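So the structure is just underneath, and the comments pick up after that.
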Amino acid sequence: MGFTITATNSKYNFNGSAGGFYNLRKNIAKAFDAEFGAHYEKLIYCHSKEDYKAFDKETERILNKPRFKEEDYDVMDFFFFSDVEGSIAYSTCKKIYDLIKDIDFGNQIFTYPAHSKGDDYEQFKAFLLDCYKRRAKMRWN
């Protein structure tokens with residue numbers, strides 16, 4: 001099962017595997033907050049109802065810390081909306097862009113390797129900024 005990230009009338013279109021989408025969100029989670037990112041990385045190890053319950057409890061504990069503001073919670077939508085279908089507002093795209101704009105991800109990719117030029121994250125940054133400027137919602141399915 002794969003994913004497609006796009007926006008209305010966008011020249012950008014990202015396609016990849018579920019694992020690639022997880023890697024994208026994991027890397028952005030680490031940029032969002034070190035403790036939260038380290039915790040989010042463990043999501044891939046959840047396989048049972050009990051695992052998810054423990055994960056959610058730890059997520060809640062971390063996000064209840066004073067450094068997290070209510071206005072940050074729209075970024076959480078990007079991390080926790082379903083892999084199958086979700087969207088975020090253009091304003092949230094700008095927040096994510098601001099989180100990652102100065103990070104050098106090297107040649108890491110999150111799309112299908114056969115179709116990647118090795119600049120996935122640079123293209124994604126440009127896409128986020130484009131969504132913000134055009135007031136376009138980012139969607140994935």
Side-chain angles (χ1 to χ4, degrees), residues 1-65 67-141:
M1 187 157 139
F3 73 88
T4 298
I5 297 174
T6 192
T8 303
N9 298 326
S10 178
K11 66 180 181 178
Y12 299 95
N13 189 357
F14 303 92
N15 297 293
S17 68
F21 193 48
Y22 163 76
N23 286 330
L24 172 66
R25 295 202 286 193
K26 173 187 71 174
N27 286 333
I28 294 172
K30 288 178 180 180
F32 178 69
D33 181 80
E35 181 183 17
F36 174 77
H39 168 64
Y40 188 84
E41 192 169 18
K42 297 173 186 171
L43 181 59
I44 200 164
Y45 300 111
C46 292
H47 299 291
S48 68
K49 206 179 250 190
E50 292 78 27
D51 292 344
Y52 283 108
K53 195 173 192 177
F55 181 86
D56 291 346
K57 186 175 181 179
E58 180 63 7
T59 300
E60 189 173 315
R61 184 192 70 75
I62 292 168
L63 295 179
N64 280 326
K65 293 186 175 186
R67 70 179 178 270
F68 295 102
K69 309 286 186 253
E70 190 174 318
E71 59 267 16
D72 293 332
Y73 288 130
D74 60 342
V75 176
M76 291 296 123
D77 291 343
F78 177 69
F79 300 130
F80 292 115
F81 273 171
S82 170
D83 293 356
V84 177
E85 186 173 6
S87 67
I88 55 173
Y90 70 90
S91 56
T92 308
C93 290
K94 177 69 162 72
K95 287 181 181 182
I96 293 172
Y97 171 78
D98 288 339
L99 287 171
I100 66 172
K101 67 182 177 186
D102 297 325
I103 297 175
D104 179 5
F105 291 98
N107 291 333
Q108 290 186 54
I109 62 172
F110 61 88
T111 61
Y112 291 121
H115 298 107
S116 177
K117 295 178 184 169
D119 63 348
D120 290 7
Y121 283 91
E122 292 308 310
Q123 291 293 314
F124 189 68
K125 291 175 195 180
F127 168 72
L128 291 169
L129 197 54
D130 180 62
C131 287
Y132 176 71
K133 288 179 179 177
R134 295 184 314 104
R135 294 181 157 23
K137 183 185 289 189
M138 179 179 112
R139 298 181 319 274
W140 63 90
N141 54 23

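Quick caveat, the model's predicted, so the values are computed rather than measured.
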Is there side-chain contact between [X] and [Y], with heavy atoms separated by less than 4.5 Å?
X	Y	answer
Asp72	Asp33	no
Thr92	Lys137	no
Asp120	Phe105	no
Tyr121	Asn27	yes
Tyr22	Glu41	yes
Asp74	Ile88	no
Phe124	Phe110	yes
Leu43	Tyr52	yes

Heavy atoms of other groups near [X] [atom1], more than 12 under 6.0 Å:
X	atom1	value
Lys101	NZ	yes
Lys65	NZ	yes
Arg134	CZ	yes
Asn64	CG	yes
Lys30	NZ	yes
Asp51	CG	yes

Looking at [atom1] of [X] and [atom2] of [Y], how far apart are the two atoms once the value is rounded to the nearest 0.5 Å?
X	Y	atom1	atom2	answer
Cys93	Asp98	SG	CG	11.5 Å
Phe127	Met138	CZ	CE	6.0 Å
Lys57	Ile62	NZ	CD1	13.0 Å

Tell me, with the steps shown, if Tyr40 and Ile28 meet side-chain contact (heavy atoms from CB on, under 4.5 Å).
CA-CA 10 Å; Tyr40 188 84; Ile28 294 172; over 6 Å; no
Checking Asn15 against Thr111: is there a side-chain donor and acceptor pair closer than 3.5 Å?
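Looking only at side-chain atoms, Asn15 and Thr111 do not form any donor-acceptor pair under 3.5 Å.
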Would you say the side-chain atoms of Lys26 and Asn23 include a donor-acceptor pair closer than 3.5 Å?
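Yes, because at least one side-chain N or O of Lys26 sits under 3.5 Å from a partner of the opposite role on Asn23.
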Return the minimal non-hydrogen interatomic distance between [X] and [Y], and the atom names on each side.
X	Y	value
Gly2	Tyr112	CA-OH, 3.7 Å
Phe32	Met76	CE2-CE, 3.1 Å
Ile109	Ser116	CG2-OG, 3.1 Å
Trp140	Asp83	CD1-O, 3.6 Å

I'd like to know if [X] pairs up with [Y] as an ion pair, taking the criterion as any Lys NZ or Arg NE/NH1/NH2 lying under 4.0 Å from an Asp or Glu carboxylate oxygen.
X	Y	value
Glu58	Lys42	no
Lys53	Glu50	no
Glu122	Lys125	yes
Lys95	Glu71	no

Whether Phe55 and His39 hold their rings parallel, tilted or perpendicular, with breakpoints at 30° and 60°
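Ring orientation, 0 to 90° scale: parallel.
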Parallel, tilted or perpendicular: rings of Phe68 and Phe36 (30°, 60°):
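It falls in the perpendicular class, over 60°.
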Let's go through Gln123 and Asn13 carefully: what are the C-alpha distance in whole Å and the side-chain angles of both, what is the deciding distance for side-chain contact (heavy atoms from CB on, under 4.5 Å) to 0.1 Å, and is it a yes or a no?
CA-CA 10 Å; Gln123 291 293 314; Asn13 189 357; over 6 Å; no
Assert yes or no for the condition that the ring centre distance of Phe14 to Phe3 is strictly below 6.0 Å.
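Ring-ring flag for Phe14/Phe3: false, centres at least 6.0 Å apart.
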So, for Tyr97 and Tyr132, is the gap between ring centers shorter than 6.0 Å?
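Tyr97 vs Tyr132: aromatic centres not under 6.0 Å.
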Does the pair Lys133 and Tyr90 meet the rule for a side-chain contact (heavy atoms from CB on, under 4.5 Å), with working shown?
CA-CA 8 Å; Lys133 288 179 179 177; Tyr90 70 90; over 6 Å; no
Among Ser87, Cys131, Ser10, find the one that has a side-chain contact (heavy atoms from CB on, under 4.5 Å) with Arg139.
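Exactly one candidate clears the test, Ser87.
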